[in-house]
Amino acid sequence: MGGVMKMKNEALRDFLVNSDDTGRFIVKSLKTGHTYYVEPLDGGERIDWGDLNPATKKLEGDYGSKHKGAIKESESLITEENGFTNITTLPPGYSPLEYIEELDKKNN
């Protein structure tokens with residue numbers, strides 16, 4: 001997750017492309033006016049999913065990385081090269097919205 005004041009136009013343009021698949025979203029704080037860009041990172045602990053064949057009871061049709069709602073860290077747009085500052089990676093299970101609320105309390 002990261003917050004930014006200045007960012008390259010290409011990264012901003014692409015940030016919400018396929019957001020259903022990437023899980024990326026933007027939060028603008030009504031308290032502080034800060035804008036936060038959030039990317040859920042895939043921790044690699046995913047299970048395969050596809051179609052269950054009722055006759056064989058086997059999983060068929062691998063959907064791979066479609067609609068996973070997260071990205072690999074190597075696919076991140078939240079980088080210093082793209083103009084982001086104050087980049088923070090939260091531990092698994094920590095809500096980015098809760099973290100943003102904590103930042104707002106400190107900066108209010």
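What you see is a predicted model, and the numbers here were worked out from it, not measured in a lab. Side-chain atoms are counted along with the backbone in the values below, which use heavy atoms only and exclude waters and symmetry mates.
Of the candidates Asp20, Asp14, Asp21, Asn18 forms a side-chain contact (heavy atoms from CB on, under 4.5 Å) with just one, namely Asp21.
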With side-chain contact (heavy atoms from CB on, under 4.5 Å) as the test, would you mind laying out the steps for Thr22 and Glu75 before giving the verdict?
CA-CA 10 Å; Thr22 64; Glu75 299 169 337; over 6 Å; no

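Contact of the Pro96 side chain with the Phe25 side chain is registered, since non-hydrogen atoms from C-beta on lie closer than 4.5 Å. Annotation: side chain of Asp104 is in contact with side chain of Ile100 (closest heavy-atom distance under 4.5 Å).
To the nearest 0.5 Å, atoms CD (Glu98) and CG (Leu103) are separated by 11.0 Å. Atoms CD1 and CD, from Ile78 and Glu73 in turn, are 11.0 Å apart once rounded to the nearest 0.5 Å. For the atom pair OG1 of Thr89 and OH of Tyr94, the computed distance is 13.5 Å after rounding to the nearest 0.5 Å. Rounding to the nearest 0.5 Å places NZ of Lys31 at 6.5 Å from NZ of Lys105. Between atom OG1 of residue Thr35 and atom CD1 of residue Ile26 there is a gap of 8.0 Å, rounded to the nearest 0.5 Å. For the atom pair CG of Leu41 and CD1 of Ile71, the computed distance is 5.5 Å after rounding to the nearest 0.5 Å.
Using bins of under 30°, 30° to 60° and over 60° for the plane-to-plane angle, the ring pair Phe84/Phe15 lands in the tilted bin.
Counting heavy atoms of neighbouring residues, nucleotides and ligands inside a 6.0 Å radius, atom CD of Glu102 exceeds 12 of them.
Looking at every heavy atom in both residues, Arg24 comes nearest to Ser19 through O-CB, 3.5 Å. Closest non-hydrogen pair, Thr32 versus Asn107, comes out as CG2-O, 4.2 Å. Closest heavy-atom contact between Asp42 and Ala70: N-CB, 3.7 Å.
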